[in-house]
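Reviewing the structure listed below.
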Amino acid sequence: MLISPYHLFKYKSYRKINDFITEHQNQYDLFISAFTYEEIVTTTFANLNSNKKVWLIFPEYHIDISKIDGKTFMCNEVNENIKESEYICAMYNEYIKGNENMKICVDTTGFNKPYLVSLIIYLKIQGIKEIDFIYTEPKLYQEKDKTQFSTLENIDAKKEKKKDVEMIIKPRDIETGNNYYSNAGQNDLFIINVGYDSKLVNSVINNVTARVKKPLLGFPSLQPIMYQENVLNLIKSKSDLGIEENEELLYAPANNPFITAHVISEYIEKYVKENNKNTIKNIYLSPLATKAQTIGMTLFYIFEQEKYEDIDINIHIHYPFTDSYSASSSEGIFRINKYTIEFDLFDKITKL
Amino acid sequence: MNSTNKEDIKKQIQNLSTWLWGHQVLSVDVNLWLKNFAIEDEEKEELVALTLLSEFMFFEQKEIRQMLKSLYKDKFIAPLVTKYREQTGSYSLKDYEDFIKEQLSKTRFSNVGNPSESSSMLLYYFRQRNNLDTELFVNSCQLLTHNEKNMAVEHLIYLDDLSGSGSQAIKNLKIVIHDIRRKIKGIKISYFMLFATSQALKNLNDSNIFDNVETVFELDETYKIFSDTSRYFGKHEEIKKYFQELCRKHYKPKWELGEEDISKNLDQTLNNEECGFSDTQLGLGFFYNMPNNTLPIFWADSDNWKSIFKRYSKQYAILKKVKK
Amino acid sequence: MKNPFSNTKAVHLNNNEIVEYWVDIDSYKEPYDILKNLLWSQTYKKSKIILYQSHFNVFINMQNNINFLKVVEPTNSKPFIILGGKGSGKTHILRYFSYYSRKELAKLDNLTILQQLEKDGFFSVLLELGNFAFERFQNSNLEFNIWKEWFYYYLNIILIEAFLEQVIDLQLEGVNDFDFEKIKKIKEDYFFDEDIDCDTIEKIYFQIKKEHKKIDKAFSRMRMGVINNIDSIEPLFDTREHRFRDITYSIIKASPSLCQLRVLFFLDQFEDLSDEQQKFINTIIRHPNQKYNDTISLRIMGRLYAIKTEETFSDNEKILRAEVTKKYLESYMKNKKSYRDFILRLIQKRLNKKISARDIVNSFTENEDKVLDTIKTKYPKSMDRLYFIKLKKELKEYQKSLLLSDKNIEIILKNLEYEDDPIKEKENIWLIYQAWSKNISLLSRSNEIKNSLNSKGKDIHKNETLKHLKDTFYFQLLKEHSLPIHYCGFDLILQLSSENPRNFMDIISAMYDDIEYYEEKIFDAEKPISCKLQSRAIELVSDKFWDDAVIDLKDQNVIRMVKRLNSFFKLIRISDKPTEKTLISFSYKGKIKEESQNILKKAVEHLFLRYEKNSKKEKNKSGEMLDIYFTTPILTIKWDLPTIRGGVFQFSANDIDVLCLEDDKSWEKLRNKYMKRYNVPFQRVKKNETPSLFGEL
């Protein structure tokens, strides 16, 4: 069985929040978390002590910071076209710059994805050696109400249906410092990590020209039912993706960034080998599922983007940016996952 | 409003059948099956039945194989890598590969229960999917034979597809595990499953006969169709109770379940109150069989009840409907 | 079963597939059609000579056919802008005429690529503008004067790079007769740095690629906050000149085998450039350089809404700029007959088996809905039928103002009865409503109706309006009695997908998705596909078309206008006394505000509406020809509207302003005003006013 560097990364899971807290109490110099109202985010922040703790406030969540306990960071005056890098750059300068050796933990659970991607990339650029990321899975997800039963109970189902807010979606590459653009190659590839929103999937697919689309699903999924829910969403985008039911999909565990990175790495390596290199100019990645898989996609990028740049293949992380983000809601804590990102791991690896 | 509702649910069933169920269920099958639900209020009963069917979790070969791969890589290999890294701090990939190879040679995978049951079939797919040597696969009681190879075994892993309560595994394995531990000192014994209810996990852990228990998917109370927190009914208590009564009183007699599909009470009498083995009330099935923990409305097959998924009972051999 | 139509978008096909599935459109001009038919019938009748269809086709083709080559006009020196909506086939055409597809075509025809190019007369370079994220230039906190230089330079760089990449490919294919000296001269003539290593084509390509990467990297690092500006790059050549033309010209002329070819630059996805950026391109195409006219041409391609500005940078100076021709792809598919042939051939190409056009058509069941039978079975007694129940209720409600006694009402209803034919009954009721709106005695009218039914007295059923309301009556019957509406038939699907081949392909693809589940067959003339399945597919595609169009357009005002309009048409369709035939079109007289004009324009550009300028069909009272707007055929399904154009609703200019710009309250007021024409009680006098039985949507 072939071991890849991604398998070496340290990954630990805690079923009880207390176990996590106890083990990491006062172990960090800096603890960063993205604010949302969910228990999975607020409980950890409240209970984990570290030298410094800060809440990141993302404008897309439209949060009223007067109601928040604890130090907050915001960055409002930004250029929308590069908002993620301006935000992260400002945040880094305020809390990390000059102290690159500090022990940092980031709770990624509430993050808005493009900022998470930008953070990981920025940390690599700045030469940070190691960082802990945590990702908490809730016990109960907000259930869609069973509107089909409402008609049996004479409840006005129309009222219950939320008004469809037409979101304006502006897809573009997340800025990474290594964004190269070129004409479309015959065999350009798009790996889309599909989640719950087919509108987002359609918007990214239709924004770039890439002939081959490969969906990546979180499987095993966080919850057993989620797999088929994701597939049902995938079906909504099938004509945009150009796929049929017997299509071979990519699978990686929904809560494991390292395997996700490995699966992507393995597939792309195989794909490039099988096709004439001159026909592949761009490979696009879109993280539209879990935060853990987003981290995985980004890890692949930071460790392997340059390798492909050298053979004239541009790797892009393409994302459907919006102004607003509907907050998810959940109850209870099921599992806390800790991922230790060693930015220099690949440099240390020997095949022998 | 009702008709478009039903149409949407039917469309979802069609999509599931096409993409995840290998076309096992066709439009005619659904219509035939719905005829079961016509005791008092056809409209209502059919709507509930359709809703339950549209959230049924059926796993085809592709998914089962992927789960077996995940079981192997995430629950067996990954801990070994972690252990090796902690012990040696090595950055040599070859070192890890060698270590795993060595550990693998001292590991055995076993089925649970009778060799002809589903667990054995899983072993086959597990071996195939993960490219493993046949000699790593045993029926655990083989380990009781005294020989050099057996004595060198350090890790025994049982593989099973579903544990509804854990009781079957505990019942079947308690004694043989006891004997194996006496024969092979310090052996680590694990129980790996694809699916386990939260209750089963608790029972298995509490039984203390295994060193570790792992599952790919955990099914909490929300996956029990008539539970208080059932995800199938949400806040609609009335409808849930209504349908559960129908199951108990009117549908059940029509299922004509065999004894092997009904669990026994402590006093060894048949549990006639339950809906599905051990009252697990699941909505789950596999391409090779329907577990009897699943609500029988889906798989019961008799003169008075049409199934939508086939269950192959341990006692009877029923030929599968040939589709293609 | 494999779905041969699952890949409807050009982007999903590789070049081999583009060429393999290629079908051209042959558009016959009408006079020739007539002439052809005439010749055929005359000749056949007189001399019974068997003339083959193909002979005529050749004759007609030679005369005046329009095909996609004529759209692109690759050997024409003038620049063109070619616009087409989503699904019109724009990318397909572009890809087909691109260099790499020509290579595939050459293989198929057993030619070398050079032979193919000679045959074509052109060498095309395709650039997808959307792949370059040009908004980077404008939105990276750089001043206009700075970013515009970079943008312009970058544009030249990528054009040269794309051109050179293909030239190098040609070299690999054996075209190697480039005059070395002429290539060397390029460096002297155009590059700043005398010492730069670019004496050969490969080396020039290498330098250009390097420069491209440098610029991308600099912008990226600046945007990431790693560096502050991009001053460190020294450009290779003058950023203000159209160097891509100079270099392209020099290279192509340096090869005797290539020098006669025209180099055609296709710039696709023009909509992805900002206004300012479009000005650059406009400047290039509107100020052609005489020297390069014979060799280099540009083709700008984009969606219907691609053009954000027509200005150039020299607009301040009063130079007459060359007008650039705009071509609309949809207009090439307006001819119904050639579109039909085109679609049939597209289908034949995609299917693995040989199938005749007739068999294709026959494999779609036509609508056999036995609506009337269903109603007669369900409601054998006329008075149980919902339209009578409604009428009775209305008559009772307005009894006083109509001066009718209970007995009168009974008589009226009795007179209108015609159990055997619900359509007839609908007609009768319509005549009553008509009388009501004209203040004619309902009682005497009902007697006339009864007489007419029994062929006594005047035949008032011989009414022009009634004739063209048949479709509306059918629809109302279905809706009233909650019966499903089925859409089917090859020609209907053709009609719905007019000017949009992808709609047709998507509908077929959706049918394939269902056949296994419903155990049906497709493209089997022996077992035609059921109406139900066709209907499902059509409804699905209609919904998706709407959803996609809404996402594409970020303007809520346009969406609101379209929703209002279509809802309005639907209300009329289900009203008591509709008058226009299959109403999905409108016109207006007078001048509307510029804002409204914009909204209508956007609606057309984003495929919500179609537009017919100065239609002969529509004239106002003074004989002036008016513009007509109508709902896009595929959307009529989603909105429960008739699928074929008929009458045209005439708004006033002010009405249009309300429709487009005013709030819901004002629009509803206007709409209700019009609805009074169509619904009981018709008069302005409000007495016991009740909403129509079917309510507002």
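Below, read A as the first sequence line, B as the second, and so on, with proteins coming before strands; counting in each chain starts at 1.
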Considering only heavy atoms, which portion of A:Q186 lies under 4.5 Å from any heavy atom of chain C: side chain, backbone, both, or neither? side chain
With chain A, the option among C:D513, C:L129, C:D552 that has the most non-hydrogen atom pairs under 4.5 Å is C:D513
Which atoms of C:K217 approach chain A - backbone, side chain, both or neither, heavy atom under 4.5 Å: both
Under 4.0 Å between a Lys/Arg side-chain N and an Asp/Glu carboxylate O for A:E86 and A:K83? no
Is it the backbone or the side chain of A:Y284 that comes under 4.5 Å from a heavy atom of chain C, or both, or neither? side chain
Using heavy-atom distances under 4.5 Å, tell me whether C:D272 contacts chain A through its side chain, its backbone, both, or neither. neither
Distance in Å, C:M301 CE paired with C:T91 OG1, rounded so as to fall on 0.5 Å steps: 7.5 Å
Working to the nearest 0.5 angstrom, can you tell me the gap between C:L553 CG and C:L607 CG? 10.5 Å
At a 4.5 Å cut-off on heavy atoms, which part of A:N179 comes close to chain C: side chain, backbone, both, or neither? both
Between A:I243, A:N178, A:T279, A:V208, which has the largest tally of heavy atom pairs under 4.5 Å with chain C? A:N178
Above 12 or not: heavy atoms from other molecules or residues under 6.0 Å from NZ of A:K97? no
After noting the C-alpha distance and the side-chain angles of A:Y115 and A:Y87, does the key distance pass the side-chain contact (heavy atoms from CB on, under 4.5 Å) rule? CA-CA 8 Å; A:Y115 295 93; A:Y87 187 102; 3.6 Å; yes
Count the heavy-atom pairs under 4.5 Å between each of A:S118, A:S203, A:C89, A:A184 and chain C, then report the option with the highest count. A:A184
Would you mind checking which part of A:L241 comes under 4.5 Å of any heavy atom in chain C, side chain (CB onward), backbone (N, CA, C, O), both or neither? backbone
Applying a strict 4.5 Å limit to non-hydrogen atoms, the region of C:L13 in contact with chain A is backbone
Here the gap from A:I104 atom CD1 to A:N99 atom CG, rounded to the nearest 0.5 Å, amounts to 8.5 Å
Looking only at C:G225, C:A10, C:A133, the option with the highest number of non-hydrogen pairs under 4.5 Å against chain A is C:A133
Any Lys/Arg nitrogen of A:K170 or A:D323 sitting under 4.0 Å from an Asp/Glu carboxylate oxygen of the other? no
Is it the backbone or the side chain of C:E165 that comes under 4.5 Å from a heavy atom of chain A, or both, or neither? side chain
Where on C:V11 is there a heavy atom nearer than 4.5 Å to chain A: the side chain, the backbone, both, or neither? both
Aromatic A:Y319 / basic A:R172 pairing, under 6.0 angstrom, 45° off normal: no
Under 4.5 Å from a heavy atom of chain C, the part of A:E84 involved: neither
Checking salt bridge (Lys or Arg N to Asp or Glu O under 4.0 Å) against C:E211, which of C:K209, C:K214, C:K213 comes through? C:K214
Is C:R350 close enough and on-axis enough to C:Y21, meaning under 6.0 Å and within 45°, for cation-pi? yes
Whatever's closer than 4.5 Å to a heavy atom in chain A on C:I158 counts as neither
Interface moiety of C:F134 toward chain A, non-hydrogen atoms closer than 4.5 Å: neither
Proximal component of A:D240, with respect to chain C [non-hydrogen, under 4.5 Å]: both
Greatest number of heavy atom pairs closer than 4.5 Å to chain A - which of C:E128, C:E135, C:R223: C:R223
Which atoms of C:E161 approach chain A - backbone, side chain, both or neither, heavy atom under 4.5 Å: neither
Of all of A:E309, A:H316, A:Q126, which one pairs up most often with chain C through heavy atoms under 4.5 Å apart? A:E309
Applying a strict 4.5 Å limit to non-hydrogen atoms, the region of A:N246 in contact with chain C is neither
Cut-off 4.5 Å, heavy atoms of chain A, and the answer for C:L126 is backbone
If you draw the axis of the six-membered ring of C:Y96, does the NZ or CZ of C:R102 fall within 45° of it and under 6.0 Å from the ring centre? yes
If one checks every heavy atom of A:K236 against chain C at 4.5 Å, the contacting part turns out to be backbone
Of the listed residues (A:A210, A:S182, A:S239, A:S85), which shares the most heavy-atom pairs with chain C below a 4.5 Å separation? A:S182
Heavy-atom pair count under 4.5 Å with chain C, highest-scoring of A:I169, A:T209, A:N206: A:T209
C:Y154 ring centre to C:R136 NZ or CZ under 6.0 Å, with the angle to the axis within 45°? yes
Is the Lys NZ or Arg CZ of C:K638 less than 6.0 Å from the centre of C:F545's six-membered ring, within 45° of the axis? no
Winner by heavy-atom pair count (cut-off under 4.5 Å) against chain C, out of A:D173, A:D312, A:D188: A:D312
Are any side-chain N or O atoms of C:Q166 and backbone N or O atoms of C:S124, one a donor and one an acceptor, separated by less than 3.5 Å? yes
Point-to-point distance, once rounded to the nearest 0.5 Å, from CD1 of A:I317 to CD1 of A:I191: 11.5 Å
State whether A:E245 and A:K238 are salt-bridged, where the test is any N-O pair (Lys NZ or Arg NE/NH1/NH2 against Asp/Glu carboxylate O) under 4.0 Å. no
Please classify the contact of C:N14 with chain A as side chain, backbone, both or neither, using a heavy-atom distance under 4.5 Å. both
Of the listed residues (C:N15, C:N7, C:T8), which shares the most heavy-atom pairs with chain A below a 4.5 Å separation? C:N15
